[in-house]
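Just so you know, these numbers come straight off a predicted model, no measurement behind them.
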Amino acid sequence: MIELIVESRCTACNICVEVCPRDVLISREESAPVIAYQADCQTCFLCELYCRADAIYVHPDASNAHPQDKSILEASGLLGEYRRNSGWDEWAEHKDLQNQHWRMEDVFKRARSP
């Protein structure tokens with residue numbers, strides 16, 4: 001379940017708002033989005049994956065909220081960990097972190113080629 005948006009890291013790009021399939025987040029002009037409907041979060045991690053600023057933390061428990069302390073979370077190194085471990089975005093070419101599950105377009109291209 002989405003737990004935290006670290007406003008000091010957030011660039012207010014609102015990509016997280018756009019990719020959320022459950023409309024959990026509400027955008028604010030020139031400010032971090034608000035977690036408006038936390039209980040509706042399906043824990044798909046799309047917001048965390050698309051956040052290039054590593055400003056979002058989603059706890060893996062989809063059923064219960066787990067409030068987080070921002071300073072502890074920042075010091076823990078968990079912010080951005082899911083993106084790295086998934087081989088997402090800037091990590092896609094890192095040899096130790098590549099994950100074809102998140103690079104399905106490459107798989108589809110290979111399947112279409114003779």
Side-chain angles (χ1 to χ4, degrees):
M1 182 177 295
I2 188 169
E3 294 296 337
L4 185 66
I5 298 175
V6 180
E7 291 192 30
S8 61
R9 289 177 173 236
C10 181
T11 62
C13 68
N14 288 307
I15 291 173
C16 57
V17 177
E18 294 173 28
V19 300
C20 181
R22 298 294 302 266
D23 296 323
V24 170
L25 305 168
I26 294 177
S27 64
R28 295 186 296 177
E29 195 166 318
E30 298 182 30
S31 187
V34 175
I35 303 170
Y37 307 102
Q38 185 182 29
D40 291 344
C41 179
Q42 63 186 25
T43 315
C44 67
F45 291 93
L46 286 176
C47 58
E48 190 171 332
L49 282 172
Y50 277 89
C51 182
R52 296 198 81 186
D54 295 332
I56 297 176
Y57 177 70
V58 177
H59 192 280
D61 185 349
S63 302
N64 302 297
H66 295 269
Q68 301 292 312
D69 179 286
K70 179 185 71 135
S71 58
I72 292 172
L73 191 61
E74 285 184 300
S76 74
L78 288 174
L79 291 171
E81 182 183 54
Y82 189 73
R83 293 176 70 248
R84 286 186 300 276
N85 291 344
S86 296
W88 188 258
D89 205 13
E90 72 269 24
W91 302 100
E93 301 305 321
H94 191 286
K95 70 177 184 71
D96 296 329
L97 301 172
Q98 287 182 344
N99 183 337
Q100 287 295 321
H101 175 74
W102 297 112
R103 299 178 66 219
M104 291 306 291
E105 186 55 35
D106 294 342
V107 174
F108 295 147
K109 282 180 192 173
R110 287 196 306 265
R112 288 191 297 261
S113 64

Residue pairs passing the salt bridge (Lys or Arg N to Asp or Glu O under 4.0 Å) test where at least one lies in residues 15-30, sequence neighbours excluded: Glu7-Arg28
Value for OH (Tyr82) from SG (Cys47), rounded to nearest 0.5 Å, stands at 10.5 Å
Under 4.5 Å between side-chain heavy atoms, hopping through other hydrophobics if needed: is there a path connecting Leu49 to Ile5? yes
Please list, one pair per line, the donor and acceptor atoms closer than 3.5 Å that link side chains of residues 35-45 to other protein atoms, with sequence neighbours excluded.
residue, atom, partner, partner atom, Å
Gln38, NE2, Ile2, O, 2.7
Gln38, NE2, Glu3, OE1, 3.1
Thr43, OG1, Met1, N, 3.0

Under 3.5 Å donor-acceptor, Asp69 side chain and Ile72 backbone: yes
Applying a strict under-4.5 Å side-chain criterion to I, L, V, M, F, W and Y, I'd like to know whether Ile56 and Leu73 cluster together. no
Partner set under salt bridge (Lys or Arg N to Asp or Glu O under 4.0 Å) for Glu74, not counting sequence neighbours: Arg9
Output the distance between atom SG (Cys20) and atom CG (Leu46), rounded to the nearest 0.5 Å. 8.0 Å
Side chain proximity check, Ile26 to Pro33, heavy atoms < 4.5 angstrom: no
Would you compute the distance between atom SG of Cys51 and atom CZ of Arg83 and round it to the nearest 0.5 angstrom? 7.0 Å
Among Val58, Asp54, Val19, Leu79, exactly one meets side-chain contact (heavy atoms from CB on, under 4.5 Å) together with Glu48. Which residue is that? Val58
